[in-house]
Amino acid sequence: MSRPSLPPALPKRLLGRLLGSGHFADAVLGDLSEEWAARMARGARLSGVWYWRECVSIGMRVTAARWVGTPLGTVLAGGAGDSTSTARAVRADLSRGLRNATRHRMLVAVSSLAIALGAASPTTIFSIVRGLSRDLPFEDGDRIVYVTQTNPLTRDRDLGLTEPVLTTLAREQRSLEGIAAFSVTSVSLVEGGGPAERFSGARISPAAFSLLRVKPAVGTVFTDQDARDGVDVAIISDALWQQHFGAAREVVGRTVRLNGRLTRIVAVMPAAFRFPFKEDVWLPLAVRPGSSAQPVKAFGRVRRGVTIAQADAEFTGIGARVARDPSVPDQRVVTRVLPFKESQIEPSDVVLFRAMVLVVSTVLLVACANVANLLLAHVAARGPLFAVKAALGASRGAIVREMLAESACIAMLGGVGGVLLASGAVRWFNDSVSDALPSFWMTISIDKSVLAFSTLLVAVAAIAAGLVPALYASRTDAAAALRGQERGLSSRGSARATRTLLTVEIAVSCALLAIAGVMTKGALRGARMDLRVDPSNIISAQVDLDVLGSDVARARFAAQAAARAAADPRLASFALTSVLPGMAGAPTRIAIGGQVASRAADPPRTRLAIVSPRYFDVVGLHAARGRLLNDGDVASRPSVTVVNDAFAREHFAGRSPIGARIQFQNGNTGSDTSWATIVGTVPDLTMVSADPSVGELAILPFAQHPSSSTWVLATGPVQIPVVATAIRELVHGIEEDVPVTRVDRLAEEIARKRRTSWSLVYVFAECGLAGLLLTALGVYGVADTTSRRRVRELAIRRALGSSRRQVAGLILADAAFPLTVGLAVGLALALVAGPALTGLLFGVSPHDPMVLSLVVVVLSAVMLFAVARPAIWVARSPLVNALRG
Amino acid sequence: MPPSVAPTPLGRFEHLVLLATLQLGHDAYAVPIREEIERRTGSAPARGALYTSLARLEAKGLLASSVGEPTAVRGGKAKRYYQLTATGRASLRNARMELVSAWPGIARLLGGSR
């Protein structure tokens, strides 16, 4: 050995801090150093591990000794001396509980694992709910409000504000510190000769930054003057600055091409600022009186001393006055002020999520019932011990406290395990959905309030699992307990408690399984897909035509692209579509010529797809009736559309819809677009959406409705990368500012979209599986214990002449009551709770008979299996053995 | 002299700690005390348990301690030497007397050669 090595510094420092200063600490640390040196001298291995272990062990013992408040004199007393007697008693109980717990390691391991599984589900869901309903991360973020107009009749909840309304509101309102407008847009960035890249951005009033109380990290934000003069300036996000400009401070003042215009960057925002949703670029917005009627979004900050409800009332009043003006196109709209976070998540969704927390919390309930049963059996076995304690003068309260302390220790261990499991689940959830979260402030993590929630769960679990066994333990009749093994704890009473718990457990898990079952079935149905062609041969790419500025330019782009693709030998087919095959666009309200909407509040709706004529070839759709869209359907020709069979069924009841006219209503101001004539129908194509209530689809020609955000679909006779290059070259050959992003196989793109939209469903389905596991184990464990308790009785019955069949019948009869009552209550619960889930089930009925019967079969099978084992044992084993116990 | 398992005013472990301390004389600090207990009983106690017991025995007045000189091999930390107080000796004597008077005639009934 060259030189004496030193013990690891970290454990030494930690233990030193724990022990404090003084002779005692010196002695302990010195002893450890001495033994370390001795180990090194004899070449012992793993001395680092040894040192860590010793430090942890000594630290724990000393802490425990201080905590219990054992009189240890001045050396160890670390603040325990002045604690009240109650606190000391609680500590003593807990430490006794801990000691009991360490004595029954198997029981503790199984129980705390059950609690961990049970606590993980609600903790995960709670952290998701909490992440989605967070306040904005600004000074007094809860005072930032969203201002919009809604139409209660048509259920349009976010119409935005038109210029006259916004101007009037800004002039007359008193409850906000100010109003700022924004509109989200996509931005194409060309810089240094590279290809165009697409970013999400917002045009935003310069006042927004001071309203949010945010200052840029570098540079200064644009001003009202800039906005009024239409100067081309931009602010970029920290992420864009880091990734695209190498975090160079000189970026401020640099000129880049944004949306085809030379634009000067004036500032970089601080990290994590992506307001309003997930933006990377901000451009100035000026809402001038008399400017175009395109509505904008708006937000403000509520003044101190004013509530959001008061602001809402004021704005509704002003809005109603504005609406009386005859120039306003739709007088039914209502002006609303609501918390900004609710602009992205509907309050009803939050309520639904909270309901989910409750549902998955029942998993914990099942776990608690399991643990309670285990503890009950444990108490029964320890009956004489409690009897002796009671005889020696332990009060009922003391025995109850000791048992509760034991279950508290189990629950604490389980809680820690549950939080660990949940943090794994949250990490997984974040990995798969963070792109899909609509807003930057929604971060899903296990934070303080989640931990507080879990602590509460654990406390509830400790009491739920420990109280019944504790009460039974304390009711022990000393004389009786000492007379015979199990009679001490009134065994009929404890058997009744066990049976009740078993019934509750079956009921809860039956309800839980039914709900998880329909959700899983829904998720599976959503995963099915009947494209008529193989999506792995199709390349998809997103192109953003916003930069082209006008519908005419976009239509011209589509025509040029089709012509070039036809001439390109690398591309076999090429089409544009607003919605990927297999996905569903948002439902749009329609009016149908010759039909009067039966209820104004519930107008007919359909999903839309805007495609170029070759789309039908690419996805393999043929006309069922009439014709498909073709190259002749251009802007100068009459408007046409093709609908799917579901549309024809829903609105024409089997009659041919061809020749009928429909009108698509744009939600903003109730203004109507022109009528389109139905020229053909196509078979239904899968449209994946959790909400299947709208299965109707209308397909419109791109040339007549050029949308700015669109997908390219292409196939080619050659390898994928060549097709991808061909798409890029084709698009940039027409217009170099058009960004081409997400070039990939269609199959990959669809899989990615699905992952994000279904993660939540998967989370619930997995919670259900955790519940099934716990339930199966619990039911098995309890039924097994109960039957074993009867082994001796059954053996006597056998000895007195009962047949094997009669004995088996007795065991089954014993199981029948909890099973039937539990299943009945559980199914009733599922039937009551089910309808709340309709929107998440991909069209599966919440009362799906297949799922419900499967649940009944599974639970019955588990129960029968559990009771069958001891029955067979009694039937087979020699009677003497059974009678001996 | 086998260690007692019957209840005495001293706990079993306290009993062992006092015996080892007495045996070691002027060289009784935690490291050799632990080794002495291991040598006598075949298993070494957890260090944390030993330190808390030493502190408890000192608080009860059965042990007294003094601080030695710091040495390099101990990282510059001093040893803490323990010795039995008069009360400690009396307690140990008392514990022994109780056992000695309780045992006669019992070993035969127990059987085996313990």
Side-chain angles (χ1 to χ4, degrees), chain A residues 3-9 11-13 15-16 18-41 50-78 80-81 95 99 102, chain B residues 7 9-14 17 20-21 24 26-39 43-85 87-88:
Chain A
R3 68 188 174 84
S5 64
L6 294 171
K12 185 174 171 180
R13 204 164 58 235
L15 183 61
L18 186 75
L19 296 176
S21 57
H23 295 311
F24 180 73
D26 275 5
V28 173
L29 291 173
D31 289 349
L32 280 175
S33 296
E34 185 183 327
E35 293 196 62
W36 166 271
R39 286 180 67 92
M40 295 317 275
W50 170 85
Y51 195 89
W52 265 105
R53 198 188 62 208
E54 290 305 328
C55 285
V56 170
S57 153
I58 294 172
M60 277 169 60
R61 296 259 184 179
V62 170
T63 310
R66 276 179 186 163
W67 201 57
V68 174
T70 328
L72 291 184
T74 50
V75 278
L76 279 180
S95 99
R99 236 179 300 142
T102 51
Chain B
L10 292 176
R12 170 183 177 269
F13 188 56
E14 289 173 336
V17 171
T21 310
L24 288 166
H26 290 296
D27 195 31
Y29 66 102
V31 177
I33 292 174
R34 185 165 168 277
E35 285 164 2
E36 181 66 19
I37 294 175
E38 181 178 10
R39 198 174 63 74
S43 70
R47 287 180 178 75
L50 178 59
Y51 288 120
T52 47
S53 285
L54 285 171
R56 190 168 50 240
L57 289 169
E58 190 174 1
K60 283 190 194 168
L62 304 187
L63 286 178
S65 70
S66 56
V67 178
E69 288 300 308
T71 60
V73 75
R74 295 174 53 86
K77 310 277 190 193
K79 289 176 187 169
R80 193 175 181 85
Y81 288 108
Y82 291 89
Q83 64 190 89
L84 268 68
T85 60
T87 324

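The chains referred to below are lettered A, B, ... by the order of the sequence lines, with proteins before strands, and numbering in each begins at 1. Here the structure is a predicted model, which is why all the values come from computation and not from measurement.
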> Can you say whether Ala30(B) sits under 4.5 Å from chain A via the side chain, the backbone, both, or neither, judging by heavy atoms?
Replying inline: both
> Looking at Arg34(B), Lys77(B), Arg47(B), which makes the most heavy-atom pairs under 4.5 Å with chain A?
Replying inline: Arg47(B)
> Looking at Ala27(A) and Tyr51(B), what are the two nearest heavy atoms and their distance?
Replying inline: O-OH, 4.4 Å
> Looking only at atom types and distance, does a side-chain atom of Thr21(B) sit under 3.5 Å from a main-chain N or O of Tyr82(B), one as donor and one as acceptor?
Replying inline: no
>> Ignoring hydrogens, what is the shortest heavy-atom contact between Thr52(B) and Val62(A)? Give both atom names and the distance.
In response: CG2-CA, 4.1 Å
> Using a cut-off of under 4.5 Å for heavy-atom pairs, which of Asp26(A), Asp31(A), Leu29(A) has the most such pairs with chain B?
Replying inline: Asp31(A)
>> Whether the Arg56(B) and Ser53(B) side chains hold a donor-acceptor pair (N or O, under 3.5 Å, no angle test) is what I'd like checked.
In response: yes
> So what's closer than 4.5 Å to chain A heavy atoms on Val73(B): side chain, backbone, both or neither?
Replying inline: both
>> Looking at Glu58(B) and Arg80(B), is any side-chain nitrogen of the basic one under 4.0 Å from a carboxylate oxygen of the acidic one?
In response: yes
> Who among Ser33(A), Ala38(A), Gly30(A) has the most heavy-atom pairs with chain B under 4.5 Å?
Replying inline: Gly30(A)
